[in-house]
Structures are given as structure tokens and as C-alpha cells.
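Remember, predicted model here, so these are calculated numbers, not experimental data.
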Amino acid sequence: MCNKTGHIAKNCVAKTINHSLSVRQVGENSEEGNSYLKKEKLNNFDPVQALIDTGSSCCLLKTSVAQKLKLKPEPTVNEIYSFGNQKMPALASIGRIKADIEVDNVKAENISIYVVPVDV
């Protein structure tokens with residue numbers, strides 16, 4: 001956008017919007033460093049690898065990690081939707097825990113975390 005005074009964004013002829021999409025694969029075997037893969041502490045336990053998703057509306061934890069950290073989820077089923085589809089849930093949680101989360105020395109307390117199957 002040109003950001004000139006008096007110009008209406010939707011009518012501006014100088015706007016340059018790039019509608020192309022890009023997808024970036026993340027994972028431990030990625031050749032490039034990934035700033036969204038972080039070591040995270042739950043309730044001050046040893047760090048576990050976490051994927052930071054700034055657009056997510058909830059936190060998810062695999063059952064295998066919950067078991068490793070000896071966390072006991074309260075049974076609860078919560079439908080979880082993926083991006084782009086609000087009609088059919090992508091999965092359902094098995095339970096929920098409340099935990100303190102610490103990433104990069106920033107701590108959030110009493111966060112609801114949904115426990116999901118290992119293959120998620």
C-alpha cells in the first residue's frame with residue numbers, strides 16, 4: 001500500500017499484495033534452524049521439544065509426553081478443529097491438564113493443555 005493520506009486501501013492503485021502461499025516443513029531433521037521449535041518446561045520438569053504455533057487457540061500435549069512427565073490428565077473430551085475447516089473436528093482430546101509452561105525464560109501459569117493421541 002502507498003500509505004498516502006486520503007487514499008482508501010481497497011481502492012489504492014499502488015497496492016502490492018502477494019497472494020502466493022508458501023509452506024515450510026518443520027521437524028528435527030530440518031536443514032535450517034527453526035525458531036518455532038523450542039525447548040519447553042512443563043511444571044519445571046526436564047525440557048521437552050515444543051512447536052510454537054502463534055495462531056493456535058489451544059495447547060496440545062501427546063499422551064506419551066504426559067506419561068513421561070507423570071502428568072495425570074483429567075478426563076475430558078474437547079473437539080479440536082484444524083485451520084480452514086470449522087464444520088468437522090480434526091480430532092478430540094483424551095483429557096486435559098493444567099500446567100505452568102516456560103519457554104525462553106518466559107513463564108505462563110495454570111495453562112489448560114489438551115492431551116491428544118500419540119499419532120497427532
Between Ser112 and Arg96, is there a donor-acceptor pair closer than 3.5 Å when you use the side chain of the first and the backbone of the second?
-> no
Shortest non-hydrogen contact from Ala92 to Pro117?
-> O-CD, 4.2 Å
Heavy-atom closest pair (Thr63 atom, Val115 atom, distance to 0.1 Å) is CG2-CG1, 3.4 Å
Between the CZ atom in Phe45 and the NZ atom in Lys70, the distance rounded to the nearest 0.5 Å is 8.0 Å
Check Leu71, Ile111, Asp100 against Leu42 for a side-chain contact (heavy atoms from CB on, under 4.5 Å) and give me the one that passes.
-> Leu71
Can you see which heavy atom on Lys98 is nearest to which on Asn43, and at what distance?
-> O-ND2, 4.3 Å
Roughly how far, to the nearest 0.5 Å, is CD1 of Ile94 from CD of Glu74?
-> 14.0 Å
More than 12 heavy atoms of other residues, nucleotides or ligands under 6.0 Å from NZ of Lys68: is that the case?
-> no
To the nearest 0.5 Å, what is the distance between NZ (Lys41) and CD1 (Ile101)?
-> 14.0 Å
Please check if Leu69 and Ile97 belong to a single hydrophobic cluster, counting links between Ile, Leu, Val, Met, Phe, Trp and Tyr side chain heavy atoms closer than 4.5 Å.
-> yes
For the atom pair NZ (Lys107) and CG (Asn105), what is the distance rounded to the nearest 0.5 Å?
-> 11.0 Å
Can you see which heavy atom on Ile80 is nearest to which on Cys58, and at what distance?
-> CG2-SG, 4.4 Å
Gap between atom CG of Asn78 and atom OH of Tyr114 - 0.5 Å precision | 4.0 Å
Distance (rounded to the nearest 0.5 Å) between Glu102 CD and Glu40 CD = 10.0 Å
Just do the side-chain contact (heavy atoms from CB on, under 4.5 Å) check on Val116 and Leu91 with the steps written out, would you?
-> CA-CA 8 Å; Val116 295; Leu91 66 126; 3.4 Å; yes
